[in-house]
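What follows is one structure encoded as structure tokens, with my remarks underneath.
By convention in this document, chain letters (A, B, ...) are assigned in the order of the sequence lines, proteins followed by strands, and residues within each chain are numbered from 1.
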Amino acid sequence: MPKEQLEKDVKQFEYVEKKEKRIGLPELENPENVVLRFAPNPSGPLHLGHARAAILNDEYAKKYKGKLILRIEDTDPSRVDPEAYKMIEEDLEWLGVVSHEIIIQSERLEIYYEHAEKLIELGYAYVCTCESGAFYKLRIDKEACPCRRNDIPKNLEKYKKMFSDYKEGEAVVRLKTDLEINDPSMRDFPLMRISEHPHPRAAGKRVYPLMNFSVTIDDHFNGLTHVLRGKDHIPNIRKQRFIYDYFGWTPPEYIHYGRLKVEELALSTSATKEGIETGEYTGWDDARLGTLRAIAKRGIQPKAIRRAMMDVGTKRSDINLSWKNLYAYNRELIERDANRYFFVDGPKEISVTGAPGMEFHALLHPDFKDKGNRSLGKIKEKETVKFYLSSSDFENIKKGEFLRLMEAFNVEIVDKKETCAEAKFISRELEEARAKKARLVHWTLGDNNVKIKVVSPEGIINGYGEPDLKNIKVDEIIQFERFGFVRLDEITDDELVFYFSHK
RNA sequence: GCUCCGGUAGUGUAGACCGGCCAAUCAUGUGGGACUCUCACUCCCACGACUCGGGUUCGAAUCCCGACCGGAGCACCA
């Protein structure tokens, strides 16, 4: 026996073996020719909750060199937002999720029709024209409705009429399950229904499959090997199982993850939509929302989200995702690329006398000198110079205080009023400020600055920024020193509009 | 109410299947300190958890039972 093999065998019996640390996602059960799917319903753009399903599916597809199908589940015409199809694809692209195939259920209605008919022909399904309340009552008592007793030709005839005669709510196709099942919703659950609501992509159609039916048909015909979805779908395994069995198909492996809540955030698409309509939110990308487009606008990197979702994994228990963790991952990604600038929030004037003429410079990034300098402006000798301080710094200063204007000089506060203060020049040396443990504050010049607006989830912050801010480009992420990271979203005629990322 | 599922530090996570190496991992956070012309970065130190009660066992975070807490489902939505 070769030495290598021997070592391997010995290792198997060592208890140390099982303590090897798992990295990344848990292994899949039967990972051969893996086919997965991400199946959102197109009622709006994707949010953080969707990101979990999308990313985890993507990671598994990559891990096993499998295939990921994007399946758009648009079989409830009343909940379809025509814009959503495009938005979902954009959001996935931003996330870096690669789908190898796109399936839109409203384009596959004929397949569902055909299979519903097949189930009727086989005697496994029937068309039920009972009033829904009446059926509900019978079902509670585990009793069959009159339609269940109809023969196959009769059912086929009624099925045809669903496409022409019956109105919405008048007929459904039901699967014959078992009236004795303890969960009433399992008993002869519906497969197809009529909706007269116009479908933006399936004009003229009025018969639609219900979720459990279309999902089963598609999972089967698309060769799904593994299904990763929220635990709210657990009961559906049982329902779908009936369909698999009637057709003689084998169901895929299922993995169900728990509910994901995000601190102080409502992820619900329908509630968001309502908020947009009433004007409470500015749009799908409102900074307060958990949509991916809102998060992107705030300069959060897709990789930060991916890492957070990998962290979270596929556990069954519910979790509460913390923004702090997400921000920490994001900071790690953007820190070294984010150049530094001064921005004063809620500017308050401070006039300084006796300063020498000088030019102010600072590094674009304190850890990378080769990135070069930025110019903070210049002043002339003996001029009374006006500076702005942020309102929080202004509030803290006291008369007689020794203060360091960062990258400039040291001053002493001579007088302080409600909205402005006067100071006199003392010295230029930073060391002196350090020795006196003086406060170091950032500033902008009174006459050479850029108007700035920062949009944050908490509201809008106005102020002034240093002149070199004119050089940055839309989409660039920078750090306003002692304020936080921001992303430039828009340059308007008179101001720069930033979105706040995090501290 | 009925039927399922879950509970490890503030948050997320590893360990659980196969009990001992776990006075419990890693990340984030928080507190303190060093560095720094930022409240960012970096470095150091500290803090902080097996929901509870029984049982099995020489030994339980891990197995069993119960309680409590949390969640999901109980649609002609997905």
Parallel, tilted or perpendicular: which one describes the rings of A/His442 and A/Phe342, with boundaries at 30° and 60°? tilted
So, for A/Tyr388 and A/Phe394, is the gap between ring centers shorter than 6.0 Å? no
What residues in residues 163-177 of chain A put a non-hydrogen atom under 4.0 Å from any atom of RNA chain B? A/Gly169, A/Val172
Would you indicate what A/Asn212 reaches in the nucleic acid, counting non-hydrogen atoms under 4.0 angstrom: base, sugar-phosphate, or nothing? nothing
Closest to the side chain of A/Pro235, out of B/G73, B/U3, B/U28, is B/G73
Test log, rule side chain to side chain contact (heavy atoms under 4.5 Å, CB included), inputs A/Phe213 and A/Val173: CA-CA 10 Å; A/Phe213 189 52; A/Val173 177; over 6 Å; no
B/U11 base to A/Asn325 side chain: any donor-acceptor pair below 3.5 Å? yes
When you measure from the side chain of A/Arg316, which nucleotide among B/A78, B/A27, B/G6 comes out closest? B/G6
Looking only at B/C74, B/A78, B/A75, the nucleotide nearest the A/Pro190 side chain is B/A75
Do you know the tightest heavy-atom contact between A/Lys176 and A/Asp188? CA-OD1, 3.4 Å
Is A/Lys167 salt-bridged to A/Glu196, going by a charged N under 4.0 Å from an acidic O? no
Spacing of the P atoms in B/G33 and B/A23 (rounded, Å): 33 Å
So what does A/Ser78 hit on the nucleic acid, given a heavy-atom distance under 4.0 Å: a base, only sugar-phosphate, or nothing? nothing
Rounded to whole angstrom, note down the C1' distance from B/C41 over to B/C63. 48 Å
Counting primed atoms, P, OP1 and OP2 as sugar-phosphate and everything else as base, the B/S/- map of nucleotides 36-46 of chain B against protein heavy atoms under 4.0 Å is -BBBBB-----
Please determine whether any donor N or O and acceptor N or O are separated by less than 3.5 Å between the side chain of A/Arg79 and the base of B/C77. yes
Using the P atom on both, measure B/C69 against B/U51 and round to a whole Å. 16 Å
Just the rounded figure in Å: distance from P of B/U11 to CD1 of A/Ile319. 12 Å
Got a salt bridge between A/Lys273 and A/Asp81, using NZ or NE/NH1/NH2 to carboxylate O under 4.0 Å? yes
Provide, to the nearest angstrom, the distance between the CG atom belonging to A/Asn330 and the P atom belonging to B/G12. 20 Å
Testing B/G12, B/C74, B/C76 for proximity to the side chain of A/Arg193, the answer is B/C76
Could A/Lys231 and A/Asp318 be called an ion pair, given the rule that one side-chain N must be under 4.0 Å from one carboxylate O? yes
Looking only at atom P, what distance separates B/U11 and B/C22, rounded to whole Å? 25 Å
What integer distance in Å separates A/Asp218:CG from B/A78:C1'? 13 Å
Lys/Arg-Asp/Glu bridge criterion (N-O < 4.0 Å) met for A/Arg404, A/Glu432: no
May I ask you to say what A/Tyr136 touches in the nucleic acid, namely base, sugar-phosphate or nothing, with a heavy-atom cut-off under 4.0 Å? sugar-phosphate
Who passes salt bridge (charged side-chain N to carboxylate O under 4.0 Å, His left out) against A/Asp468, sequence neighbours left out? none
Which whole-number value in Å describes the distance from A/Leu326 CG to B/G29 P? 12 Å
Between B/A34 and B/G71 - P atom distance, rounded Å: 45 Å
How is A/Asn320 classified with respect to the nucleic acid when contacts are heavy atoms under 4.0 Å: base, sugar-phosphate, or nothing? sugar-phosphate
Output the rounded distance in Å from CE (A/Met211) to P (B/C74). 11 Å
Could you note down all residue pairs passing ring-ring contact (aromatic ring centres under 6.0 Å, His included) where residues 302-323 of chain A supplies at least one of them, sequence neighbours left out? A/Trp323-A/Tyr327
Please classify the nucleic acid contact of A/Tyr327 as base, sugar-phosphate, or nothing, using heavy-atom distances under 4.0 Å. nothing
Aromatic contact between A/Phe498 and A/Phe480, with the criterion being ring centroids under 6.0 Å apart: yes or no? yes
What's the gap between B/C39 and B/C21 when it is taken at their C1' atoms, as a whole Å value? 44 Å
Take atom NZ of A/Lys231 and atom P of B/C74, then tell me their distance rounded to the nearest Å. 14 Å
Heavy-atom distance under 4.5 Å between the side chains of A/Ile477 and A/Asp337, does that happen here? no
Is the cationic atom of A/Arg336 (NZ for Lys, CZ for Arg) positioned less than 6.0 Å from the six-membered ring centroid of A/Phe368 and within 45 degrees of its normal? no
Which nucleotide in the set B/A78, B/C74, B/G7 lies at the smallest distance from any side-chain heavy atom of A/Ser185? B/C74
Pairs under 3.5 angstrom only: tabulate donor-acceptor contacts from the side chains of residues 39-59 of chain A to other protein residues two or more places apart or in another chain.
from: A/His47; atom 1: ND1; to: A/Gly49; atom 2: N; distance (Å): 2.9
from: A/His47; atom 1: NE2; to: A/Leu267; atom 2: O; distance (Å): 3.4
from: A/His50; atom 1: ND1; to: A/His47; atom 2: N; distance (Å): 3.0
from: A/Arg52; atom 1: NE; to: A/Gly313; atom 2: O; distance (Å): 3.3
from: A/Arg52; atom 1: NH1; to: A/Gly258; atom 2: O; distance (Å): 2.8
from: A/Arg52; atom 1: NH2; to: A/Gly313; atom 2: O; distance (Å): 3.1
from: A/Asn57; atom 1: ND2; to: A/Arg37; atom 2: O; distance (Å): 3.1
from: A/Asn57; atom 1: ND2; to: A/Ala53; atom 2: O; distance (Å): 2.9
from: A/Asp58; atom 1: OD1; to: A/Val98; atom 2: N; distance (Å): 3.2
from: A/Asp58; atom 1: OD2; to: A/Lys62; atom 2: NZ; distance (Å): 2.7
from: A/Asp58; atom 1: OD2; to: A/Arg306; atom 2: NH1; distance (Å): 2.9
from: A/Asp58; atom 1: OD2; to: A/Arg306; atom 2: NH2; distance (Å): 2.9
from: A/Glu59; atom 1: OE2; to: A/Arg306; atom 2: NH1; distance (Å): 2.8

Which residue lies toward the 5' end of RNA chain B, A/Arg238 or A/Tyr329, if each is placed at its nearest nucleotide? A/Arg238
Euclidean distance, atom NE2 of residue A/His233 to atom P of B/C5 [Å, nearest integer]: 18 Å
To the nearest Å, give me how far apart NZ (A/Lys315) and P (B/G70) are. 18 Å
Ignoring backbone atoms, test whether A/Ser132 places a side-chain nitrogen or oxygen under 4.0 Å from the OP1 or OP2 oxygen of B/A75. no
Determine the interatomic distance between P on B/G54 and the same-named atom on B/A61; round to the nearest Å. 14 Å
Dot-bracket notation for RNA chain B, counting Watson-Crick and G-U pairs under 3.5 Å, with | for partners on another strand: (((((((..(((.......[.....)))((((((.......))))))...(((((..]....))))))))))))....
Gap in Å between the two C1' atoms, one belonging to B/U62 and one to B/U8, rounded: 11 Å
